[in-house]
Amino acid sequence: MPDFEATEHEALEPEAVEPDESRSTVVPRSFFDRPVLEVAPDLLGRVLVHEAADGRVAMRLTEVEAYDGPNDPGSHAYRGLSKRNATMFGPPGHVYVYFTYGMHYCMNLVCGPPKVPTGILLRGAAVIDGMDLARKRRHTAKNDNDLARGPARLVEALGVGRADDGADVCGDGPLQLLYGTPPAADRIRTGPRVGLREAADFPWRFWIDADRTVSTYRPHAPKRRTG
DNA sequence: GGCACGATCGGCT
DNA sequence: GCCGATCGTGCCC
């Protein structure tokens, strides 16, 4: 378990994290074989690595969204098995990659037991290794915080595509999830998911407070005033 | 076989 | 803050 400390921090300062991969052990499959709402916040601070033909990029996860399959009207798997979402019905610890808006890819990490289609959308990360390659892949990014800020940007910076659908992140393959350095418990925030018409009210989005690589897109829901 | 729209992004106002 | 790009997928006929 992570050594969470309830220490005080400077609320407006981003968490200081060294690009340190000392905790570079690949997570076991059992990490994903838990309820999706338990895995999702535990993904924050973990490190996703991709070794491609053109080089290696590693990134620390800062924002995720949980999708609870058959119980979740916002999930791609809500209406059952299809050719596109088949990976979500498979074993945990694999990636579900899909194409959307005619031009973007996004990726999920599959959780839970086989046949229970839950997934966690990766929405934001900080590139900690392979910065130059990530900048090349994301040449339109205005600054390094934008390299993997947003689900389609994250996938592009990582060099992942349709061919990676189904890849295992718990083994020796080109995609691996490392333990990394989780944030302190009081740094984890939760709120509604982004861009959904259905089930927009479920607070199943998790992110690291004050992190500049967390995406801040408008919700699909109509404008509302808080308070 | 046809059609409406999406777990988005980047550029422009 | 708003809008267009661009096409696979699901759903209906």
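Each chain gets a letter, A, B and so on, in the order the sequences are listed, and its residues count up from 1.
Residue A:Y101 and nucleotide B:dG6 are classified as a stacked aromatic pair, their ring centres being separated by less than 5.5 Å at an interplanar angle below 30°. The aromatic ring of A:Y67 sits over the base of B:dA7, with ring centres less than 5.5 Å apart and planes inclined by under 30°.
Between B:dC9, C:dA5, B:dG11, one nucleotide has an atom nearer to the side chain of A:M103 than all others, and that is C:dA5. Closest to the side chain of A:N108, from the set B:dA7, C:dT9, B:dC9, is B:dA7. Side-chain atoms of A:T140 lie closest to B:dG10 of the nucleotides B:dA7, C:dT9, B:dG10.
Nucleotide B:dA7 has no partner under the Watson-Crick or G-U criteria, as no pair reaches both atom distances under 3.5 Å. A 3.5 Å limit on both hydrogen-bonding distances identifies no Watson-Crick or G-U partner for C:dT6.
For the pair A:R34 and A:F31, the distance from NZ or CZ to the six-membered ring centre is under 6.0 Å and the angle to the ring normal is within 45 degrees.
When the C1' atom of B:dA7 is taken as reference, atom CD of A:E63 falls 11 Å away, rounded to whole Å. Atom P of nucleotide C:dG10 and atom CE of A:M88 are separated by 10 Å, given to the nearest angstrom. Atom CG of A:N143 and atom P of B:dG10 are 12 Å apart (whole Å). We find that CZ of A:R205 is positioned 11 Å from P of B:dT8, with the value rounded to whole Å. As rounded to whole Å, 15 Å separates atom C1' of B:dG6 from atom CZ of A:R193. Atom CZ in A:R84 sits roughly 16 Å away from atom P in C:dC7 (whole-Å rounding). The NZ atom of A:K142 sits 10 Å away from the C1' atom of B:dC9 (whole-angstrom rounding). Across the protein-nucleic acid pair, A:L122 atom CG and B:dT8 atom P stand 13 Å apart, rounded to whole Å.
Phosphate proximity of C:dC11 to A:R79: present, with a side-chain N or O under 4.0 Å from OP1 or OP2. A close approach under 4.0 Å does occur between a side-chain nitrogen or oxygen of A:R138 and OP1 or OP2 of B:dG10. At B:dA7, none of the side-chain N or O atoms of A:R153 fall inside 4.0 Å of OP1 or OP2 (strictly under the cut-off). Distances shorter than 4.0 Å separate some side-chain N or O of A:S82 from OP1 or OP2 on C:dG10.
C:dC3 and B:dC5: their C1' atoms are spaced 16 Å apart (whole Å).
Between the side chain of A:R149 and the backbone N or O of A:V214, at least one donor-acceptor pair lies under 3.5 Å. Using modelled atom types, no side-chain atom of A:R205 and backbone atom of A:E63 make a donor-acceptor pair closer than 3.5 Å.
Between A:N108 and A:I120 the shortest side-chain heavy-atom distance does not fall below 4.5 Å.
The neighbour count for A:Y78 OH, taken as heavy atoms of other residues, nucleotides or ligands under 6.0 Å away, does not exceed 12.
Note: A:F99 and A:Y105 have tilted aromatic rings, judged against thresholds of 30 and 60 degrees for the angle between ring planes.
Where A:H104 and A:R162 each meet DNA chain C at their nearest nucleotide, the meeting point lying more 5' is that of A:H104. With DNA chain C read from its 5' end, the first of the two nearest nucleotides for A:T100 and A:H76 is the one closest to A:T100.
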